[in-house]
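Input: a single structure, listed below in structure tokens.
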Amino acid sequence: MDGLIFMGSYIDNYKEFGEDVRITPEDTIYQSERSYFDNMTEGFQDSTIKRLQSDYRKFMRGKNESSSSCFEDDKRLIYADTFGKESDEGFKIEMLDKETNETTDFQVEIPENNINYLNVVDVQSSIDLSSSRRREEITTAT
């Protein structure tokens, strides 16, 4: 269990607020237990996001700090997030080609809906083995 770190957040439904928590085999640390300075400078950022921000500073600028919004392999880095409110919601996807350093992006709008919450759960990439074409998949939860 060395190196295992669980990072998450919870919401107290009775108080309607929540906080981040980091759990390791050694201890549990709540955001409220840390100093204001520590929360502003470090937060509970995971090591994957720290590395991506260091290695791909320009591409990662302005992106949320959830590693579940990213997919990386040796050729590309893909990022997905949500946009909009109420009737104008959807997903925005950006891809960095690591070899050419070119960025491609597009948006997928969701038609009028009754969605209460839109979130990116995981970003995956698969290769269609029946042909040489690649297909990108975005896994989401509503």
With Ser67, which residues qualify under side chain to side chain donor-acceptor pair (under 3.5 Å), at least two apart?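 Scan of Ser67 (side chain to side chain donor-acceptor pair (under 3.5 Å), adjacent residues dropped) gives Asp46.
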List the residues meeting side chain to side chain donor-acceptor pair (under 3.5 Å) with Ser32, not counting sequence neighbours, and say none if there are none.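 With sequence neighbours excluded, Ser32 shows a side chain to side chain donor-acceptor pair (under 3.5 Å) to Glu19, given in chain and number order.
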How long is the gap from [atom1] on [X] to [atom2] on [Y], to the nearest 0.5 Å?
X	Y	atom1	atom2	result
Asp55	Lys50	CG	NZ	14.0 Å
Leu96	Met60	CG	CE	10.0 Å
Asp105	Ile78	CG	CD1	13.0 Å
Tyr56	Thr103	OH	OG1	12.0 Å

Residues in side-chain contact (heavy atoms from CB on, under 4.5 Å) with [X], at least two apart?
X	value
Asp27	Thr24, Ile29
Ser69	Asn64, Ser66, Tyr79, Val120
Glu99	Lys75, Asp97

Side-chain contact, heavy-atom cut-off 4.5 Å: Glu94 with Phe106?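 Glu94 does not reach Phe106 side chain to side chain.
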Do Gln107 and Phe91 touch side chain to side chain, with heavy atoms closer than 4.5 Å?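 Heavy-atom side-chain distance check fails, nothing below 4.5 Å.
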Tell me every residue that passes salt bridge (charged side-chain N to carboxylate O under 4.0 Å, His left out) with Glu72, counting only those two or more places apart in sequence or in another chain.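 With neighbours one apart ignored, the set is Arg51, Lys98.
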Closest approach of [X] to [Y] (non-hydrogen atoms, all atoms of both residues):
X	Y	result
Phe59	Met95	CE1-C, 4.0 Å
Gly84	Glu89	C-CG, 4.0 Å
Thr82	Lys92	O-CE, 3.8 Å
Ala80	Val123	CB-CG2, 3.7 Å

Tell me whether Glu33 contacts the main-chain N or O of Tyr30 through its side chain, where contact means a donor paired with an acceptor under 3.5 Å.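 Side chain of Glu33 to backbone of Tyr30, a donor-acceptor pair under 3.5 Å: yes, one is there.
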